[in-house]
Structures are given as C-alpha cells and as structure tokens.
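Worksheet: one structure, shown below.
This chain uses plain numbering: 1 for the first residue, then up along the sequence.
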Amino acid sequence: MGVVAIVGPTAAAKSRLAMQVARRFGGEIISVDSMQVYRGLDIGTAKPSRTDRKEVPHHLIDVVDPAVTFSVAEHQRMGVAAIEDIEARRAVPLVVGGSGLHFRALVDPLEFPPTDATVRAEIEALEPEDAVVALLAADPDAARLVDLANPRRVARALEIHRITGATPSARASSTNAAAVRNYEPRFPLRAFGLDPGDRLEERVTARFDSMLHAGLVEEVERMQNRLGVTAAQGVGYKQLLPVVRGRASLEEGRRAAISATMGLAKRQRTFFRRDPRITWIPWHDGDDTVLEHGLAAITVALEEMAWTS
C-alpha cells in the first residue's frame, strides 16, 4: 500500500483523471495546490465542484480564509495526517495538483525549520556583511550551501541556526536531507505526470476564458478586500485586481493572466520533469485517450501496491 500522485503543469486534466481513479478504486484526493486552500477562491483556482467533492472526499481545500497566510509547513502537517488517516481506513490516497513544493512536502521528508520574529528582526538589524561574518563563524563551510551575496538567504540560515542550533552544513548532511536529494519518499509512492506538451498554451487560454465566462471577474471583485498577501498573488487574481479597481481593461488583465499562467505552467513542468519517480502518461489527440492511458497505468500501479487485491 502507499500513495498515488497525479502531477504536472496546470490545465493538464489531472483532476479529471484523479476523479476517475477515485471513483473506480475508492480513493480520496489530497490537493497539492497552494491556492485551493483559500475559501472563496473557487473559479480562479479551478477548485473541484461541490458535486465532485460530495462524490469523492477531498482534503486541503477550503481550509482557511484568504486573509491568512497558509504556509507549506502547515500544508505538510495537514496533508501527511490526511494520508495516514486515509490509509488507515483502507482507502487510496491520491495526491493531486501542480505545486511542486507542496507535492514534495507531502511525499518526501522535507523539514521546515521554525521562525521567530524577534530573532529575525535582530538579524535584519545587522549590516549584511556582519550577518555573513556571523554565519561563517558558526559554519565555516556555509558558503558551499548558502548564497552569501543574497542577504535574505543569509538571514534565514542565521535565523535557523540561532533558533535550532543547526548549521547549514549539519542540515545538509542529515538523513532527511539525503532522502530529499535522492527522492526517497516517506510513503511507498507511485507518481504519474500529465503534460499536454505543445498544446499547453491552447489549453491554458481556453481554460482561462472559461473561468471568465463562469464569473471570475465578479469573484475577484467580491474577494478583493479579503485577500491577504499570499492570496493576492494568486495567478489570475493578481492580474484581475487592477481590472476590478479600474486600472486596467479586461483584455489587458486577460492577456496578463494567460501570460502569468503560462509562466507558472512552464515552471511546474521543469520542476516535475526533474523528479525521476514520475511516470509520464503519453499525451495523444484528446483528453479521453490520455485519461484512458492514465487510468490503465494507475490500475497496474495499484495492483502492484496491493490496493486492489
């Protein structure tokens, strides 16, 4: 037994495949989408419909108000607990989405060191050169692991050391760090990727236009005063906020959102293509063929993992 993941760039039919798998094998879906955790951000995040959520249990959706900053560490804590609970009930955990960091935070032993506002303020009060000196005094080999020309990274490394006592070198040599580097998951894992290739832009454009038709501008207008720092940066929301505030035309917002979505999709593609554990489902002429191949591949994986015995 273990976890099945369906990942890849946005607009690749991941959710449709996940629903098919969940229906057939009694699965539950754990979202690895950094924006679907926010209540009220429905259309722009391509959140699963209420009908789908009623039919198949979904986790890590509508978790917090959009004014709240929801960290990857919190997502990890809730997601790992959900996976363990689903497995205990003999259902199939399906990790689904396009956020690479959130995906790895659930399936791999990533560690997120604590933060402390007081310690951080003390470090940020230092001159950048003094912060570098302090970090090198604690860890002479830190330059191998931390970009000393980047004050933000130096400050974070120093903050972690002052809170936990762990130097960059110690953290890099830990068992967990080695497992993360070597893509060794915390659970038995079979991961599958969907990527529409050169059809990506066509699909991204069609999906965003569908969101506009479904009322995305009205959603942004309704939510604009409730968006915190993180939610306001969500692709689509960030580009349409100037539209609802009268600072840009709808067509300008539309073009900016499609461009930003393409940029996001390309980063997602690059991130996931580096992961050697992912089996990529060949993309053929239409969604139905891709979904058929995907369902067949996942069926075999579940049999091998003893989920269907």
Within the supplied structure, the quantity of interest is the number of heavy atoms (other residues, nucleotides, ligands) at a distance under 6.0 Å from [X] [atom1]; does it exceed 12?
X      : atom1 : value
Glu201 : CD    : no
Arg24  : CZ    : no
Asp198 : CG    : no

Stepwise side-chain contact (heavy atoms from CB on, under 4.5 Å) test for Ile298 and Phe192: CA-CA 8 Å; Ile298 293 173; Phe192 298 87; 3.6 Å; yes
Main-chain N/O of Leu126 paired with Asp130 side-chain donor or acceptor, under 3.5 Å: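 Side chain of Asp130 to backbone of Leu126, a donor-acceptor pair under 3.5 Å: no, none is there.
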Under 3.5 Å donor-acceptor, Lys14 side chain and Leu194 backbone: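 Not a single qualifying donor-acceptor pair exists.
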Under a 3.5 Å threshold, yes or no: a donor from one side chain and an acceptor from the other, between [X] and [Y]?
X      : Y      : answer
Gln36  : Ser31  : yes
Lys238 : Gln233 : yes
Glu292 : Thr289 : no

For a 4.5 angstrom cut-off between non-hydrogen side-chain atoms, does [X] reach [Y]?
X      : Y      : value
Tyr183 : Pro276 : yes
Ile160 : Thr115 : no
Asp33  : His102 : no
Leu106 : Phe187 : no
Asp42  : Glu219 : yes
Arg16  : Asp288 : yes
Met19  : Glu55  : yes
Tyr38  : Met223 : no

Qualifying residue for salt bridge (charged side-chain N to carboxylate O under 4.0 Å, His left out) with Asp108, from Arg186, Arg277, Arg181: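 Single pass found, and it is Arg277.
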First locate atom [atom1] of [X], then atom [atom2] of [Y], and finally report the distance between them rounded to the nearest 0.5 Å.
X      : Y      : atom1 : atom2 : value
Arg255 : Leu250 : CZ    : CG    : 10.0 Å
His58  : Arg50  : NE2   : CZ    : 12.5 Å
Leu94  : Ile30  : CG    : CD1   : 6.5 Å
Tyr237 : Met35  : OH    : CE    : 9.5 Å

Candidate pair Arg190 and Thr279, rule side chain to side chain donor-acceptor pair (under 3.5 Å), full reasoning: CA-CA 8 Å; Arg190 293 296 299 271; Thr279 299; 5.0 Å; no
Shared hydrophobic cluster, Ile43 / Ile61 (ILVMFWY, side-chain heavy atoms < 4.5 Å):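 As far as the 4.5 Å side-chain criterion goes, Ile61 and Ile43 are not connected within one cluster.
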Single-linkage hydrophobic cluster, 4.5 Å side-chain cutoff, Leu145 and Leu110 together: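 No; Leu110 is not reachable from Leu145 via cluster members.
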Worked check of salt bridge (charged side-chain N to carboxylate O under 4.0 Å, His left out) between Arg254 and Glu251: CA-CA 5 Å; Arg254 173 183 176 273; Glu251 182 55 28; 3.3 Å; yes
Charged N to carboxylate O below 4.0 Å: is that the case for [X] and [Y]?
X      : Y      : answer
Glu111 : Arg171 : no
Arg162 : Glu159 : no
Arg245 : Glu221 : no
Asp139 : Arg144 : no
Arg120 : Glu124 : yes

